[in-house]
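Here is the structure we will look at.
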Amino acid sequence: MKSESKSITIPYVGGIPSKYRRFIREKAIDRARTRIIVAGNDPRKMRQDDLEVVVKEEEDKIKSSIKEKGLLAVLALLGLNFFG
């Protein structure tokens with residue numbers, strides 16, 4: 001008799017749902033536009049590649065901030081306070 005091992009397959013969750021990715025992208029574009037203007041440049045005169053780099057940096061900042069806030073919320077639920 002062969003022994004068959006059953007493995008449980010957990011479906012991969014594709015990260016952030018598309019409506020949240022869209023929201024993060026739009027927020028990053030707004031922040032990038034502001035950052036470029038504050039630096040004294042005109043976003044319309046920049047190359048598409050340069051704009052994409054600035055927007056990607058802003059997306060990364062937003063995602064990092066969301067992760068940090070999520071971690072702090074979990075610590076608060078557990079009653080842990082490392083920052084005060």
Side-chain angles (χ1 to χ4, degrees):
M1 292 187 139
K2 288 185 179 180
S3 64
E4 294 182 28
S5 62
K6 293 183 179 181
S7 63
I8 298 174
T9 306
I10 300 173
Y12 172 73
V13 177
I16 304 170
S18 64
K19 72 176 185 177
Y20 297 119
R21 276 195 305 262
R22 210 172 319 118
F23 174 77
I24 291 170
R25 179 75 176 179
E26 290 172 8
K27 187 102 171 149
I29 290 170
D30 289 341
R31 287 186 181 185
R33 185 176 299 123
T34 301
R35 184 172 142 190
I36 292 166
I37 291 170
V38 168
N41 295 323
D42 185 1
R44 292 173 292 188
K45 293 181 181 178
M46 292 180 70
R47 290 187 353 212
Q48 189 66 30
D49 293 343
D50 295 335
L51 288 171
E52 186 60 37
V53 168
V54 176
V55 171
K56 177 67 173 145
E57 289 173 358
E58 292 299 326
E59 280 182 342
D60 292 344
K61 287 180 187 177
I62 292 169
K63 289 176 185 176
S64 176
S65 174
I66 291 170
K67 288 177 188 176
E68 181 180 304
K69 289 176 184 174
L71 176 61
L72 292 176
V74 169
L75 292 175
L77 284 173
L78 295 174
L80 302 174
N81 185 7
F82 293 113
F83 304 106

Test Lys69 against Ser65 for side chain to side chain contact (heavy atoms under 4.5 Å, CB included), laying out the working first.
CA-CA 6 Å; Lys69 289 176 184 174; Ser65 174; 3.6 Å; yes
Give the C-alpha distance, both sets of side-chain angles, the deciding distance and a yes or no for side chain to side chain contact (heavy atoms under 4.5 Å, CB included) between Glu57 and Arg35.
CA-CA 11 Å; Glu57 289 173 358; Arg35 184 172 142 190; 2.6 Å; yes
Separation between CD1 of Ile36 and CE of Met46, rounded to the nearest 0.5 Å:
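Answer rounded to 0.5 Å: 4.5 Å.
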Could you state the interatomic distance from NZ (Lys27) to CD1 (Ile62), rounded to the nearest 0.5 Å?
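Between atom NZ of Lys27 and atom CD1 of Ile62 there are 7.0 Å.
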For a quick test of reading the model, state the closest non-hydrogen atom pair linking Glu58 to Ala28 and the distance between them.
CB-O, 3.7 Å
Val55 to Ile29 - nearest heavy-atom pair and separation:
CG1-CG1, 4.0 Å
Applying side chain to side chain contact (heavy atoms under 4.5 Å, CB included), run through Ile66 and Ile24 and close with a yes or a no.
CA-CA 10 Å; Ile66 291 170; Ile24 291 170; 4.0 Å; yes
Do Arg47 and Glu52 sit within salt-bridge range, that is, some charged N less than 4.0 Å from a carboxylate O?
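Salt bridge absent between Arg47 and Glu52.
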For Glu68, is there an ion pair with Lys61 - N to carboxylate O distance below 4.0 angstrom?
no
Please assess Arg33 against Asp30 for the test salt bridge (charged side-chain N to carboxylate O under 4.0 Å, His left out), listing each intermediate value before the final yes or no.
CA-CA 5 Å; Arg33 185 176 299 123; Asp30 289 341; 3.4 Å; yes
Residue set satisfying side-chain hydrogen bond (donor to acceptor under 3.5 Å, both in side chains) with Asp60, at least two apart, ordered chain then number -> Lys56
Show your working on side chain to side chain contact (heavy atoms under 4.5 Å, CB included) between Val54 and Asp50 and close with a plain yes or no.
CA-CA 6 Å; Val54 176; Asp50 295 335; 5.8 Å; no
